[in-house]
Amino acid sequence: MTEPSKLPHHGVPEHQPVAGGIAARARAAAGAPQYLNGLNPEQREAVETLDGPVLVLAGAGTGKTRVLTTRIAHILSQGRARPQEILSVTFTNKAAREMKLRLGQMLGQAVEGMPWLGTFHSIGGRILRIHAELVQLKSNFTVLDVDDQVRLLKQLLQAENIDDKRWPARMLAGLIDSWKNRGLSPSQVPAGEAASFGNGKGGKIYATYQERLKILNAADFGDLLLENIRLFRENPDVLRQYQNRFKFILVDEYQDTNVAQYLWLRLLSQAPSRPGRSLADVIPGDITSPAIPGRLEESNPESSGEADSSRDSGSALSAHPGMTEDAAAPLKNICCVGDDDQSIYGWRGAEVDNILRFDHDFPGAKVIRLERNYRSTGHILAAASHLIAHNEGRLGKTLRTEDVDGEKVTVTGSWDSEEEARAIGEELEELQRAGENLNDVAILVRASFQMREFEDRFVTLGLPYRVIGGPRFYERAEIRDALAYLRTINSPADDLAFERIVNVPKRGLGDATVQLLHDHARKRRIPLFEAARAVVETDELKPKARGSLRDLVMQFDRWRAQREVTSHTELAEIVLDESGYTEMWQKDRSADAAGRLDNLKELVRSMEEFENLQGFLEHISLVMDRDGEAGDEAVSLMTLHSAKGLEFDNVFLPGWEEGLFPSQRTLDEQGRAGLEEERRLAHVGLTRARRRAKIYFATNRRIHGTWSTTIPSRFLDELPAHNVEITESKGGSGWGGSGGYGASRFDNLESFGSSYSTPGWQRAQANRNRGGGGRSGGGFEERQSSFSSDNFNRTKRGPMVIEGELVAKSTGTTSEFSLDDRVFHQKFGYGHVVKVDGNKLTIAFEKAGEKKVVDSFVERA
DNA sequence: TGGACGAGCGTTTTT
DNA sequence: CGCTCGTCCA
């Protein structure tokens with residue numbers, strides 16, 4: 001369930017009365033600090049080293065979260081700081097929630113007095129709201145999602161007459177995002193890069209975009225940090241206020257921080273400058289000043305070449321003061337926890353260098369390594385350690401366990417990906433027969449297209465599964481639409497919101513009308529909504545559109561008035577109802593309409609946990625997510641990326657082939673740095689396993705419709721032979737297992753090519769610059785949710801997921817379906833039964849073709 | 001304004 | 001191959 005209520009709802013101003021309970025209770029326990037019991041010596045040191053900068057290198061499964069939460073408890077119990085004086089940042093809401101939970105357990109009560117425990121973005125956003133006017137915003141500014149961003153950029157590109165075929169808005173959005181990740185405001189973007197987009201106009205559009213955001217009273221995700229940095233730099237007094245407030249800073253997953261986050265942390269972690277001292281003494285904001293020796297110049301031999309490309313080209317880092325200032329500005333008590341071996345978000349702007357250079361950046365830092373692993377058995381840990389040891393750019397840790405050796409990691413080759421899925425399916429059934437809990441089983445893939453085959457297989461077998469990942473709750477179209485209505489009510493200047501719903505549901509207000517509104521708005525410098533109000537009074541629109549628009553304006557006026565007298569949840573219901581939005585989905589006959597209606601209900605329900613509409617909107621885009629639902633027993637299917645931080649007894653790792661894993665594209669684009677990141681991904685995959693890790697590779701795989709022959713991943717060769725067992729594929733065609741050791745141990749399984757220098761996976765198409773940083777939605781849904789009595793969980797567009805109970809598949813029950821019955825299936829849609837075999841049906845689907853499906857997954861249509 | 005059809009594309013995605 | 005997006009037409 002979503003638990004936004006657990007997160008602070010509003011900016012906590014200067015002197016918020018704090019739940020006295022926490023500190024008091026913690027201190028009461030101080031006599032016998034029980035929370036220290038059970039910590040190993042390193043963990044204990046990490047908890048007790050309170051002064052000065054500390055870097056905790058916490059390998060996988062070494063008790064990272066425990067250290068972090070215990071450290072907070074310790075700070076409180078020692079009376080070193082009050083809860084509101086501790087800044088504790090995570091990357092995800094889930095991690096923040098987890099910390100609050102554990103802290104609550106440790107201290108024996110819910111943590112309400114920790115207003116500054118949250119994600120980078122939510123904390124940045126909170127600070128920004130408090131001082132919004134200093135960055136030309138109002139405190140009720142809107143946080144734009146990617147979609148809004150792209151639409152806004154599209155408009156700007158059009159205004160500049162830039163061909164959006166050649167220069168897609170998405171691409172620019174990605175570019176701007178990466179600039180922001182590097183802490184670069186428009187004027188700081190290196191000229192070459194600024195000119196690289198849109199015939200040299202990229203940088204200019206970035207600047208215009210920022211201006212437009214102010215007019216719209218909006219900020220994008222990147223701004224939550226970047227504008228925060230600007231706020232601090234331009235207002236030393238404000239910065240000082242926060243430097244004074246935060247006595248302790250804790251950072252989770254430090255290896256994932258980007259440059260902007262690093263800069264932000266650095267500003268906050270410096271001891272407050274004396275009032276009256278000029279800002280320049282502490283933070284030379286002059287970007288043109290020569291780079292100070294430090295991070296850049298002393299480039300680390302391991303990570304030279306590739307890392308520099310992203311760095312020297314003008315990240316704000318190169319201009320950042322770095323260490324020279326440190327003597328003047330001593331560092332506070334900052335504790336960063338992370339694992340360089342689990343840095344897998346480099347492509348998204350994370351700087352592994354942040355953690356690799358921690359002791360440079362924070363001189364005198366104490367580095368504590370947590371190397372005792374409490375998760376995996378010996379063979380698994382040895383395999384993972386040996387693999388990751390092939391990376392050069394790392395700080396180096398040696399994980400060890402006191403656990404038994406356990407089972408060896410298995411490597412299984414199959415003829416093709418279908419056989420791979422079949423083999424894994426059979427192993428799953430075996431585990432199931434052996435009484436393993438399916439919740440403790442995961443299949444971790446490199447790329448989401450790999451999931452399809454598994455889904456197909458599981459559906460056929462009647463094996464319950466859930467897919468983790470995909471678009472978040474608030475990214476769903478219906479949620480954004482609903483939010484757009486509420487945003488328009490809350491903030492009439494929010495043109496993007498108004499534009500989004502002006503014709504949803506269809507009101508006959510098409511492009512022409514919107515264009516007209518835009519013209520009006522621009523001429524008079526008023527928001528779209530006000531333009532609409534004005535235009536309605538003229539005869540510029542056709543009578544039909546005019547009437548329709550007038551109705552809409554009147555509706556909004558009414559809703560705004562109602563806001564005064566109605567609760568925000570009721571208001572939301574009224575709006576969704578009166579606008580016809582709910583009706584639109586009720587009338588929709590597509591498979592996922594019901595799911596969307598459910599989502600809308602869920603949205604309204606979640607509003608209850610906020611005080612008012614304003615509070616709800618302020619946090620919704622940052623904290624709304626839905627992971628956390630356990631649901632019924634089911635195998636988890638997810639990407640390696642989304643598996644970080646999780647653990648399972650049994651982990652299946654299919655698709656270890658050159659080109660797929662490591663991904664050819666990453667290799668092409670990032671060179672050795674890319675390879676190392678892929679290897680870290682492999683390491684993350686292996687270390688998710690507690691008891692069994694099973695790796696697979698296929699000799700043939702269909703990519704984009706065509707079959708190609710693949711060769712086993714180089715990572716397989718990097719596994720220590722001693723901890724690995726090569727097994728026969730249970731899929732049956734006799735692959736794998738011959739076990740000789742040639743150039744590659746896996747090469748002599750007959751006909752694979754044997755040299756990595758000639759990868760079988762040649763990417764045929766020349767890799768010309770592709771359009772667009774992100775893919776266009778193409779994925780799947782977050783197809784996870786509780787599984788209710790009807791055996792389905794409905795979500796919106798995209799393939800549906802089925803989470804069935806393990807259907808009584810071996811009971812000789814006859815199906816209640818018979819030949820030619822017309823049925824509906826959540827994933828495949830409509831079809832009719834062509835064959836019945838016990839409770840297994842063969843169904844010819846209208847769209848998906850013929851499939852074998854267990855009967856409880858379909859309903860009569 | 002929606003349906004039909006072709007072009008183009010095709011990793012990973014914490015906020 | 002299969003999806004999504006955009007365009008064009010009824």
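Labels below follow one simple rule: chain letters A, B, ... track the order of the sequence lines, proteins then strands, and each chain is numbered from 1.
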Pairing residues for A/A421 by the side-chain contact (heavy atoms from CB on, under 4.5 Å) criterion, not counting sequence neighbours: A/E453, A/F454, A/R457
Partners passing side-chain contact (heavy atoms from CB on, under 4.5 Å) against A/D163 (at least two apart in sequence or in another chain): A/K165, A/R166
Got a sec? Which of residues 505-515 of chain A come in under 4.0 Å of DNA chain B, heavy atoms? A/K506, A/G508
Picking from C/dG2, B/dT12, B/dT15, which would you name as closest to the side chain of A/R452? C/dG2
Does B/dT12 have OP1 or OP2 under 4.0 Å away from a side-chain N or O of A/S448? yes
Please give the distance between the C1' atoms of C/dC3 and B/dT14 as a whole number of Å. 26 Å
Is any side-chain nitrogen or oxygen of A/S642 closer than 4.0 Å to OP1 or OP2 of B/dT13? yes
Between B/dG10, B/dT15, B/dT1, spot the one nearest the side chain of A/H704, thanks. B/dG10
Report the nucleotide, chosen from B/dT12, B/dT1, C/dG6, that has the shortest atom-to-atom distance to any side-chain atom of A/K165. C/dG6
For A/Y209, what residues pass the ring pair (Phe, Tyr, Trp, His ring centres under 6.0 Å) criterion, not counting sequence neighbours? none
Are A/D340 and A/Q255 linked by a side-chain donor-acceptor pair shorter than 3.5 Å? no
Using a 4.0 Å cut-off on heavy atoms, which residues in residues 140-152 of chain A reach DNA chain B? List them by number, or say none. none
Worked verdict on A/E98 versus A/K94 for salt bridge (Lys or Arg N to Asp or Glu O under 4.0 Å): CA-CA 6 Å; A/E98 165 99 1; A/K94 195 174 162 190; over 6 Å; no
Heavy atoms from C-beta onward define the side chain here; which of B/dT15, B/dT1, C/dC1 lies closest to that of A/N93? B/dT15
Any chance you could lay out the ring-ring contact (aromatic ring centres under 6.0 Å, His included) test for A/Y345 and A/W347, step after step, and finish with the verdict? CA-CA 5 Å; A/Y345 284 104; A/W347 50 274; 5.7 Å; yes
Take atom P in C/dC5 and the same atom in B/dT12, then report the distance between them in whole Å. 15 Å
Side chain of A/K154: nearest nucleotide among B/dT15, C/dG6, B/dT12? C/dG6
Residues two or more places apart in sequence or in another chain: which of them pass ring pair (Phe, Tyr, Trp, His ring centres under 6.0 Å) with A/Y206? A/W179
Do we see a donor-acceptor contact under 3.5 Å between the side chains of A/D481 and A/Y581? yes
